[in-house]
Amino acid sequence: MATAISNRLEVLKTYKIYIGGQFPRTESGRFYSPVSPSGKKLANVCLCSRKDFRDAVVSARGAFGGWSGRAAFNRSQILYRMAEMLEGRKAQFMEELVLQGSSKSNAEKEVNLATDRLIYYAGWCDKFQQLFSAVNPVASSHFNFSVPEPTGVVSIIAPQGDSLLGLVSVIAPVIAGGNTCIVLASETKPLCSVTFAEVLHSSDLPSGVVNILTGMPSELIPHFVDHMDVNAMIYCEKVPAVQKTIREKSANNLKRIHFYDNINWNTDAGQSPYFIQDCQEIKTTWHPVENIAGAGGGY
Amino acid sequence: MATKKKSNTLKLKFDTAWPYAPAPESRSAAQIKDRYELFINGEWQAPLSKKYFGTINPATEEKLSEVAMANAADVDKAVKAARNAYEKTWRKISAKERAKYIFRIARIIQEKARELAIIETLDGGKPIRESRDFDVPTAANHFFYYAGWADKLEYAFLNKKAEPLGVAGQIIPWNFPLLMAAWKIAPALATGNTVVLKPAETTPLTALKLAEIIQEADLPPGVVNILTGAGETGAAIVNHPDINKIAFTGSTDVGKIIQRAVAGTNKRVTLELGGKAANIIFEDAPLDQAVEGVINGIFFNQGHVCCAGSRLYVQESVAKQVIRKLKDRMESLIVGDPLDKNTDIGAINSKQQLATINKYLQIGRSEGAEMYESACKLPNKGFWCRPTIFTNVAQSNRIAQEEIFGPVLSILTFRTDDEVIEKANNSPYGLSAGVWTDKGSKIFNMTKRMRAGVIWANTFNKFDPTSPFGGYKESGFGREGGLHGLLPYVELKNI
């Protein structure tokens, strides 16, 4: 018996990407093999192409109307559900983090933090609007109010260092605010991101709201910022030359650009409703108030 | 040029029974110097460029004054003055005192309102009624509103500390010269920044008058610097390495150039750019009010308004009626001397802009749309354009897609809510929009689904210092006005 078990061949996981609620391989047929700090090959991971990104934008745009139109309360429940699913797969994520070079205790800490971060943003889904909106006391006879609305489709280059926590920290505020997104996972530590897609997939998150790609930032960043149907972009590394390129290219359709290059995702500084606000537009609405014959304020 | 109408409906006549007598505002209430220098470090300084250029009255083409042409060296001098004022005085004085300076500016603008209105009209061509009743009072109110914020910023950003950015470079357009200066300067000062501002080439005078007011208000030297000049001056501001923030209002093309120019720097940017607002009339709308709103939406300030309602969508069932009413109302608009208090539509701001508008009139006709202009007489001198509408416009026509920035309305029709939402949002712009209907739930359906920063329901072209203004998509980013107008001028630090 004992020999039979030890002889059992381990089933290796195929790490695929996540587009439009499905798990395709890259259309390019290419792969790369990231290795752990000790030199062990982690997996054959999809080396995504521009075409994969464009497909992802199509699904993100398609999902935007539905997702942004949902009740904020419903978005809140779905983010909470994501946290539940993540918690349930804790062991799997820890194992992948350890493979990617974390210590066991750090891995556990990271999964816990990521789960808690989802719950944090689940709570914000139906509250940040009240924080960032206003009723404006205009001088004329009008009712006037300003509310935040999601910017649209957001392309994200996830933090390279924190494989799971970084990914969750940049996705959660974007989708909590009603946007949809395309995320490029950490190049050297992509395992958790693909597994996180499975969490999303089982959390009632509508397909296309989050799309996750793996590959080379150096290859994909120009496309992430060039695409005319992307409204905002998030980049998390302090690489001046890349930041310069991103800002230059963003002018094509005036993407909103956010560089989160100085944030420690492991602390409370890594979460805030102001991250939600970054991918919101303020809409101001006016309507006349009838004022017949100069009627005053009496009852 | 007005086309003869074949319909049997009675044509209203406006030009016979009760003509308006001329009611010109007096020019003598305004003092304009023959020449203006640059306002740097609280003083009038001759430009290092040694160059000056003329500014004219677009209604008569007469030269009003000449102003200095700031070059890169002048910009550098102004930025140094602004940096020095930021480090040594403005960031150090108490917020309460900062507020009082800004209140002072607001008050002096009010005191000099008449003179400012006359100069605004002379230099820009807009009707005195608009300068007097809108531009100048709204500019004063804007300073008054933001003055009060200066010592209350800790209430504006929960759980964060708002800190000033430093020196703000601000570049403003020619359509609302004084008001745009107020929109830029007031929030920058309230949040503790110092300013280098460049007014537009064709309308520098009220900004220079504002410099006199700032001097009179005893604002510490260098806190506000005002440099006249052209595109080159603006470029020198955008590219100056010691500027922390660029705020620009103008065309989308220039906005994109600025966004590219600041790449690789830490400069923060806000852009308030072009628009092609959809103004939507449903069949259940109060049509007379809607027509007034459409007229105001497109002909206010000769249509030189980035949020002008330049694409009219009328529900098919009432299209004929609305177009009839619009044409009638257009005939009653008084076009002419901007200084006349009865004038509705003044002069086009510049020869260059008139050429742009005429180019689009040509494009509209050649694309097959039907053009109708009011039959008004135009003065012999100056730059003028009759109120104009195009009917039979297709969504893909350039006059339905591109910003004309003149008194030219493109009219399209629709049948269903979904159709008009699709058409209204089918634009790279997203600055403003309007909807006219008597049904509340329909209003909110529309206002929610239209992708634009400012939406007017059963009204149009309303502005207020407390009301945030700014665009979605290629209409730019950042808001001006209201609580939200503070954010572009502060850095939020963790407490």
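Sequence lines set the chain letters: A, B, ... in the order given, protein chains first and strands last, and positions in each chain run from 1. Note that the coordinates shown come from a computational prediction; the quantities given were computed from them, not determined experimentally.
Heavy atoms of A:D268 lying under 4.5 Å from chain B are absent altogether. Contacts of A:S68 with chain B are absent, with no heavy-atom separation under 4.5 Å from either backbone or side chain. In this structure, the portions of A:P288 lying under 4.5 Å from any heavy atom of chain B include both its backbone and its side chain. Residue contact with chain B, scored on non-hydrogen atoms closer than 4.5 Å, involves the side chain of A:L131 exclusively. In this structure, the portion of A:F145 lying under 4.5 Å from any heavy atom of chain B is its side chain and not its backbone. For B:I257, no part lies near chain A; criterion is any non-hydrogen pair under 4.5 Å. For A:N144, the part lying near chain B is the side chain, with the backbone staying farther off; criterion is any non-hydrogen pair under 4.5 Å. Heavy-atom distances place no part of A:P148 under 4.5 Å from chain B, backbone and side chain included. Heavy atoms closer than 4.5 Å to chain B are found nowhere in A:K249, neither backbone nor side chain.
Taking each heavy atom of A:R247 and B:R268 in turn, the nearest pair found is NH2-CA, 4.2 Å. In this structure, B:K448 and A:K283 approach most closely via the heavy-atom pair O-NZ, 3.1 Å.
Using a 4.5 Å heavy-atom cutoff, the side chains of B:L487 and A:Q277 are in contact. Between A:L254 and B:L271 the shortest side-chain heavy-atom distance falls below 4.5 Å.
Among the candidates B:I443, B:T447, B:V435, the single residue satisfying the side chain to side chain contact (heavy atoms under 4.5 Å, CB included) test with A:T285 is B:T447.
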